[in-house]
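In what follows, chains carry the letters A, B, and so on, assigned in the order in which the sequence lines appear, proteins first and then strands, with residues in each chain numbered from 1.
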Protein chains: 2
Amino acid sequence: MHEHEHALNPHLSVDCVVFGFTGEYLKVLLIERNTTRGKDYKLPGDFIYDTEDLQGAAERILTHLTGLEDLFLHQFAVFGRPDRIRAPHDLQWLRETTGLPVNRIVTTAFFSMVRIDESKRENALRAGASWHPVHALPTLAFDHREIIQAGQKALQKEVHFAPICFELLPWKFTIRQIQTLYEVILDHPLDNRNFRKKLLKAPYILPLNERQAGVPHKPARFYIFDRDLYEQNRLEIFEYNF
Amino acid sequence: MHEHEHALNPHLSVDCVVFGFTGEYLKVLLIERNTTRGKDYKLPGDFIYDTEDLQGAAERILTHLTGLEDLFLHQFAVFGRPDRIRAPHDLQWLRETTGLPVNRIVTTAFFSMVRIDESKRENALRAGASWHPVHALPTLAFDHREIIQAGQKALQKEVHFAPICFELLPWKFTIRQIQTLYEVILDHPLDNRNFRKKLLKAPYILPLNERQAGVPHKPARFYIFDRDLYEQNRLEIFEYNF
DNA sequence: ACAAAAGTGTTGCGATTACACCCATGG
DNA sequence: CCATGGGTGTAATCGCAACACTTTTGT
């Protein structure tokens with residue numbers, strides 16, 4: 001598993017909140033864990049090698065987990081309360097799995113976005129990893145529930161500025177898909193007609209001639225996001241509020 | 001200086017980008033430093049005690065530096081590249097001043113806002129600390145120039161959402177002051193009439209009957225920011241963009 | 001009287017909201 | 001022919017951008 005020659009630093013870790021979208025729910029990728037208190041779940045994460053960048057550590061974890069490379073990755077917070085790891089079964093689990101005298105760990109949290117279909121089709125997820133809806137999370141290790149919630153808040157903020165949601169959608173998508181995605185991220189319903197207008201005004205969202213097939217209702221048109229056109233058309237924003 | 005009994009952790013530090021505003025420029029608080037390469041400047045920062053929260057460490061540094069408490073404090077990034085401290089004079093300075101075998105340090109960056117008038121009147125700054133305009137920074141230690149720039153970007157983002165700028169202004173301020181402040185933060189000129197309209201529409205900006213005195217032109221009215229009224233009137237925003 | 005900054009209104013445009021019905025398909 | 005979700009238009013309002021002159025004070 002570990003190709004690096006150098007030592008792990010037992011004070012520093014990264015944890016990744018990996019978001020996915022099934023067309024219905026916003027989901028997070030979690031790793032199953034066995035402790036003295038039974039089965040629970042944790043975020044994908046690891047200690048950092050001495051020679052390794054934080055971002056590099058996150059990339060290593062994600063690539064190992066999903067087989068995918070060049071994933072979207074955004075550092076959003078550090079969690080470092082001295083007592084963030086204090087439950088006996090958490091401490092024992094850490095000492096057993098790492099073999100290190102672990103005490104306080106400061107973790108840098110990243111959020112990432114993967115297309116669930118890609119991770120399924122082209123690359124099996126590592127054993128023990130599974131998707132869970134953010135609104136119904138299982139029992140989580142450490143302070144990982146708090147980290148996931150902070151990650152969703154960070155995602156909500158990011159959605160004000162940048163077209164990052166396309167990272168979660170299939171290459172070609174319907175308007176309903178992207179609207180539902182925004183609704184689950186913002187946790188708020190949106191008006192369909194107004195959403196369409198706003199979306200179709202964007203010059204970098206291109207309609208295909210292709211439509212859904214085999215659906216028991218009027219088939220929806222597919223669209224694609226053209227990142228090059230986006231980069232050409234983007235302009236600086238100087239918004240402010242009091 | 002250090003009231004804590006417990007040990008410093010030589011892997012972890014916090015650095016604070018402390019913003020101030022003189023009515024003209026956006027400024028940053030820097031600490032003078034003497035190295036084998038001569039005099040330069042660094043951000044206020046320190047290692048973290050084993051028993052201490054990250055936020056707590058930042059508060060300790062700021063209180064010690066300015067004498068002020070309950071300052072605005074916002075964690076915005078972690079800097080952890082393995083080679084972020086590599087210049088020989090930086091390494092030597094660290095070893096001399098800490099007495100520790102320092103290698104890689106991961107630092108959590110906070111930004112903070114202080115009213116320069118308060119820090120002057122009521123509390124002398126610690127010796128060696130001084131204000132520098134962000135657009136004309138002196139030679140800086142480590143990667144601190146990069147951290148300051150990231151801090152200003154974070155401040156620009158924050159200004160979309162929250163009325164944090166009042167932390168930088170005197171308790172009573174003129175419209176020109178706050179407009180100039182927004183201009184230096186956003187690094188972009190704003191239209192005065194439109195700015196006034198937007199500001200005066202906010203129900204939590206209250207005019208005083210008091211005006212400037214002794215200025216060689218029409219004296220400007222003073223306003224205050226009423227945080228309670230703000231909290232009552234704030235509503236959730238579900239903005240999005242592609 | 002002059003210099004210097006404060007303060008003031010209108011118009012056009014683009015964006016956002018609210019809202020209800022017909023369309024195309026599979027079963 | 002029915003159930004299901006896709007797809008469409010308009011009117012009212014709001015917020016933002018552009019733009020130039022008068023007012024008040026100290027010197």
**Q** Between P on C:dG7 and CG on B:Leu190, what's the gap in Å once rounded to a whole number?
**A**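 Interatomic distance, CG of B:Leu190 to P of C:dG7: 17 Å.
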**Q** Expressed as a whole number of angstroms, how long is the span from B:Phe195:CZ to D:dG15:P?
**A**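 Distance check: B:Phe195 CZ to D:dG15 P gives 17 Å.
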**Q** Can you tell me whether the side chain of A:Asn194 and the base of C:dA15 have a donor-acceptor pair closer than 3.5 Å?
**A**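 No pair found.
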**Q** A:Lys218 has an atom NZ; how far is it from atom C1' of C:dC21, in whole Å?
**A**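 Spelled out: NZ on A:Lys218 to C1' on C:dC21 is 12 Å.
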**Q** Do B:His135 and B:Tyr25 have ring centroids that are under 6.0 Å from one another?
**A**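 Ring centres of B:His135 and B:Tyr25 closer than 6.0 Å.
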**Q** Of all the nucleotides listed (C:dG26, C:dG7, D:dG5), which has the minimum atom distance to the side chain of A:Pro216?
**A**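 Nearest to the side-chain atoms of A:Pro216, counting from C-beta on, is C:dG26.
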**Q** Using whole Å, what does the distance between atom P of nucleotide D:dT24 and atom CD1 of B:Ile175 come to?
**A**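 Rounded to the whole Å, the gap is 17 Å.
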**Q** Can you work out whether B:Tyr240 or B:Tyr223 has the more 5'-proximal nearest nucleotide on DNA chain C?
**A**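 Residue closer to the 5' terminus by nearest nucleotide: B:Tyr223.
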**Q** Distance check needed: D:dC16 C1' versus B:His160 NE2, whole Å only.
**A**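 Rounded to the whole Å, the gap is 16 Å.
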**Q** Quick one: label A:Lys198 by what it contacts on the DNA or RNA (base, sugar-phosphate, nothing), any heavy atom closer than 4.0 Å.
**A**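 Answer is sugar-phosphate: A:Lys198 comes under 4.0 Å of backbone atoms only.
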**Q** Starting the side chain at C-beta, find the nucleotide from C:dG7, D:dG7, C:dT17 nearest to A:Arg211.
**A**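 The listed nucleotide nearest to A:Arg211's side chain is D:dG7.
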**Q** Verify the ring-centre separation between A:His144 and A:Tyr41: is it less than 6.0 angstrom?
**A**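 Aromatic pair excluded; centres sit 6.0 Å or further apart.
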**Q** How close or far is atom P of C:dA15 from atom CZ of B:Phe242, stated in whole angstroms?
**A**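 So the two atoms are 13 Å apart, to the nearest Å.
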**Q** Measuring from the side chain of A:Lys197 (C-beta onward, heavy atoms only), which nucleotide among D:dG7, C:dG9, D:dG9 has the closest atom?
**A**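 Out of D:dG7, C:dG9, D:dG9, the nucleotide with an atom closest to A:Lys197's side chain is D:dG9.
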**Q** Which one, D:dG7, C:dT25, D:dT25, comes nearest to the side chain of A:His217?
**A**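 Output: C:dT25.
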**Q** Identify whether any heavy atom of B:Arg176 sits under 4.0 Å from a base atom; if not, whether one sits that close to sugar-phosphate; answer base, sugar-phosphate or nothing.
**A**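 Counting heavy atoms under 4.0 Å across all strands, the contact made by B:Arg176 is with sugar-phosphate only.
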**Q** Which part of the nucleic acid, if any, lies within reach of A:Arg196 when heavy atoms closer than 4.0 Å are counted: base, sugar-phosphate only, or nothing?
**A**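 Base, at least one base atom sits under 4.0 Å.
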**Q** Taking atom types as they are modelled, would you say the side chain of B:Arg193 forms a donor-acceptor pair with the base of D:dA20 within the 3.5 Å cutoff?
**A**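 Looking at the base of D:dA20, it does pair with a donor or acceptor on the side chain of B:Arg193 (distance under 3.5 Å).
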**Q** With nearest nucleotide decided by heavy atoms, which residue, A:Val215 or A:Asn192, maps closer to the 5′ end of DNA chain C?
**A**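 Taking each residue's closest nucleotide, the earlier one in sequence belongs to A:Asn192.
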**Q** For the residue pair A:Phe79 and A:Phe142, is the inter-centroid distance of their aromatic rings smaller than 6.0 Å?
**A**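 No, the ring centres sit 6.0 Å or more apart.
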**Q** Cation-pi check, B:Lys157 to A:Phe161: give yes when NZ or CZ is under 6.0 Å from the six-membered ring centre and within 45° of the ring axis, no otherwise.
**A**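 Judged by the rule, B:Lys157 and A:Phe161 form a cation-pi pair.
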**Q** Between B:Phe242 and A:Phe195, what is the ring plane arrangement, given parallel below 30°, perpendicular above 60°, and tilted in between?
**A**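 If you compare the ring of B:Phe242 with that of A:Phe195, the planes turn out perpendicular.
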**Q** Output the rounded distance in Å from CD1 (A:Ile178) to C1' (D:dG6).
**A**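 A:Ile178 atom CD1 is separated from D:dG6 atom C1' by 16 Å.
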**Q** What is the distance, rounded to the nearest whole Å, between atom CZ of A:Arg221 and atom P of C:dC23?
**A**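 These atoms are roughly 17 Å apart.
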